[in-house]
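What follows is a set of notes on a single structure, which appears directly below.
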Amino acid sequence: MESLQVLVKAGIYILMAAGSLAAIGAVFFPNLFYAGLSLAGVLICVAGIYLSAGADFLAMVQILIYVGAVMTLIIYAIMLTNIEEIKVSHLGIKQILLSILAVSGFAVLTASAILSIDWRPLSGQNRLEVHELGAALMSRYIFPFEVLGILLFAVLIGAIVIARKDKV
Amino acid sequence: MVTQSGWIYLIPCYPLVAFLLNVFFGAKVLKEKAAWVSIAASVLSFFTALPFTAGCLQGKIYSDRFPWIAAGNGSLDFGYLIDPMAAVLIFVVTLVGTLIVVYSTGYMRSDAGYHRFFAYVSLFMSAMTTLVIANNFLLFFIAWEIMGLCSYLLIGFWFEKPAAAKACKKAFLVTRVGDIGLFLGILTLFTLFGTLHFEDIKDMAQTAAGNPLLPAAAFLVFCGTIGKSAQFPLHVWLPDAMEGPTPVSALIHAATMVAAGVYLLARAFPVLALSPDVMKIILYTGTGTAFVGAFIALGATDIKKVLAYSTISQLGFMVAAMGLGAVNAGFFHLVTHAFFKALLFMGAGSVIHGTGTQDLRELGGLFPKMKSTAWTFLIGALAISGIPPLAGFWSKDEILTASHGNNFIFTVLCVSAFITAFYMFRLFFLTFLGKEGAKSGHAHESPLSITGPLWVLAGCSLLAGLPGSPFMGMWLQNFLSGTRHGAHEPQAALMMISTALGAAGIAFAALFYLAVPGLAKTAEAVLRPAGSGLEKSMNSVASGIGTLFMKAGSFQNFFDKYFVDGIVNLSGYAAQLAASSIRRIQTGLVQHSLLVAFAVLMVFLYCGMK
Amino acid sequence: MNLIPTEHYLLFALVLFAAGVTGILTRRNVIGVLISIELMLNAAAINLVVFSHTVKTAPETGQLFAFFVIALAAAGAAVGLAIVLALYRNRHTVQTDEMNLLKW
């Protein structure tokens, strides 16, 4: 059991490392296609993290929707708009350095905040069954669910309207 | 006793209304009737003022004031003050003004700007009467300035002539120099006394006796007189002012406006009397001007120029009298001078009207052709030469008596009196007697509208001296000063001397110009260089002052253009610079602004976490 | 959940978030910016899931919120890409620094 736990822990850390690397890659690859694929990698790692945190349904949803649909969408868009030569992919060095500076400042601040808090994970949080999630979704969270439905409907119509060719 | 009467306010109002009517309706509606409007206004002014003069004769004083501006601890009041001096002067001013307006109807008949002339003259009358009845220095100054404006407008009446345009500008600017001094003097007086009211200053004058500002104020006030009454060195405008029509010269530059300067000295006398140094300056300026003016008049060849320099000289007499402390004598001479100088100018105008020329060398032998003009002119000439019992004799004698103590002044004034008689009769002989000149051929007498006023003034010149003469017990001087000893005791010896001076002047003039014609030419050939040299040097002093002001002006121009404008432009430029630097933040790129937003968020987080 | 300290999950999410912000601020291609936005949303979702274990609330709250976040992210991506397509058709470019009409 010990070794299994160690293995699992190592796996989780590997997932985290891979996800971080992929994230950095998604941001810094000049080739947009590579960036898109790196994003897919991040999403898969995140799904793994969800699994490790006991949100297996969420992990499946992540892969289905994010990796399956959103990534496809992004790849389509890359292909539809990237015909020309790839020019310089990032803004000037000044902007890059300043952003890294600002972001590292933010990161340091937040990290110090995170580390200064005494997190005590509550006990008694079992793995939730899917049907329990469904029941909660349909009872307690019915309102955001319906609103989400309306929102997606609006998004559907809006995307079509925005992206269609103007009628001649 | 002191009383009020609201009618007094109407005295300047009638001519003001005439001015407005002539301005708005003169061109199209009134045309020739514009003169009637002005005459009506002047006559109304005269008859309105008459009861108050009469009342003053009975010992009343009219005084009223209403507050106009609240300043400092006190307030500036406007209002009128009719005391003996003002009563006499308002009578003279309205009378002479009316006569001249009547005279102008004939003189300016064929002029295109007929209504404009009467508009300006009415405005001038309004200002002059305001000045006479004013009870404080500020109202006095306002009227003074309006008179300066009218002088400008009237000297430059024929503004298409370049000489006239230059002359009116010169008059205005030169008197302006004096007016600056006057204004500074008024400010100083206000600082000293907190009020500008004549009576208040008279009462309070003693309290400021030791204050060094007092002589300064006195001198600055005198500067106004130097400008307006054409004393040296600001006399240069008066000869050039002869470019204006002759009625203008008669009204403004002989009888009334130039007399305003002397009236100023009379009103400011309580202040002047306490500053002995300033009195000396006044005395010497007046005496010098009297002599120089007379001397230059000897050589002038234009009728009006002779009379202009004569005015300068006579004003010098008045100012010298003020400087001697003989206020009543100076004022008396002012009154008589108004009459006979107006008469002389109007007579000259009649000659010009009849012959078409002003040059003495082209005239002569006009006596048979222009009898009225000649006789009235003779009376005027006798008056100015100081022949008893005409007006000029009594007033000039008063001044000479007052100067009797100071030998130098007395001598200079006597010589000036002699020269006065000489040049005046030179003028008379060259114009009316002797051989006929080039232009005298078809001379004709002027119409009644011109000769009528001449006779009236001649009568005044005969009679106006009597109130101040021993025949009436020096009544005028006592009346003016409110005491029984307003005048100096007349001394028979001095009377003989001044009569002799006058007679000698006439005799010499007759000698030079009638009896022995060649003598005049030789004398003039000798003296002319001296005379013109003197004139030139006098004028160069004035132009030197003018150059000084011009230099100051050009320095100010430079300063204004480069420093003041520079500072303003600098602030504009700074704003532009700041804007164009800051504007570059707007790159249009969302990511730049996002970066800024994120950085600011960091700062907030940091502060919040502390 | 109890295997790894909570902080590590949160730090991982922080890394993702930081990467996402950097991407937004530096990427020249609009779709690259969209990719970075997806990263940020994922980081938020991870945080939600982790907090459901540490905060006294109903146990399903965190997961369901993360679920909503995913749905909303998808919607946002859809609309965003539609806009990118319209933009490309209009300006023939998807470079952010060529869309600077609001320049001075």
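Just so you know, these numbers use all the heavy atoms, side chains as well, and skip hydrogens, waters and symmetry mates.
- Of the atoms belonging to C:Arg27, heavy atoms from both backbone and side chain fall under 4.5 Å from chain A.
- Interface residue A:Gln62: backbone and side-chain heavy atoms are both found under 4.5 Å from chain C.
- Heavy-atom contacts from other residues, nucleotides or ligands closer than 6.0 Å to CZ of C:Phe65 number 12 or fewer.
- Heavy-atom distances place no part of A:Leu156 under 4.5 Å from chain C, backbone and side chain included.
- Heavy atoms of A:Val161 lying under 4.5 Å from chain C are absent altogether.
- The parts of A:Ala35 that come within reach of chain C are both its backbone and its side chain, each placing non-hydrogen atoms under 4.5 angstrom from that chain.
- Looking at C:Leu10, both its backbone and its side chain come within 4.5 Å of chain A, counting heavy atoms on both sides.
- Of the atoms belonging to C:Leu34, not a single heavy atom falls under 4.5 Å from chain A.
- Contact annotation for A:Ile74: both backbone and side-chain heavy atoms come within less than 4.5 Å of a heavy atom of chain C.
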What verdict does the side chain to side chain contact (heavy atoms under 4.5 Å, CB included) test give for A:Phe145 and C:Leu64, after you've listed the backbone C-alpha separation in whole Å, the side-chain angles of each residue and the deciding distance to 0.1 Å?
CA-CA 10 Å; A:Phe145 183 72; C:Leu64 284 177; over 6 Å; no
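- Using a 4.5 Å cut-off between heavy atoms, A:Arg164 touches chain C through its backbone atoms (N, CA, C, O) alone.
- With a 4.5 Å cut-off on non-hydrogen atoms, A:Leu148 touches chain C through its side chain but not through its backbone.
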Apply the test side chain to side chain contact (heavy atoms under 4.5 Å, CB included) to residues C:Tyr9 and A:Met16: give CA-CA distance (whole Å), side-chain angles for both, the deciding distance (0.1 Å), then the verdict.
CA-CA 8 Å; C:Tyr9 283 110; A:Met16 281 190 184; 3.7 Å; yes
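- The aromatic rings of A:Phe106 and C:Phe17 lie tilted to each other, with the angle between the two planes from 30° to 60°.
- Neither the backbone nor the side chain of C:Ala13 comes within less than 4.5 Å of any heavy atom in chain A.
- Interface residue A:Ile65: only side-chain heavy atoms are found under 4.5 Å from chain C.
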Run the side chain to side chain contact (heavy atoms under 4.5 Å, CB included) test on A:Ile12 and C:His8 for me, step by step, so that the C-alpha distance in whole Å, both residues' side-chain angles and the decisive distance to 0.1 Å come before the verdict.
CA-CA 10 Å; A:Ile12 295 175; C:His8 295 185; over 6 Å; no
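- If you measure heavy-atom distances from A:Leu152 to chain C, the contacts under 4.5 Å come from the side chain alone.
- Using a 4.5 Å heavy-atom cutoff, the side chains of A:Tyr13 and C:Ile4 are in contact.
- Using a 4.5 Å cut-off between heavy atoms, A:Tyr76 does not touch chain C at all.
- A:Gln95 places a side-chain N or O within 3.5 Å of a backbone atom of C:Leu25 that can act as its donor or acceptor partner.
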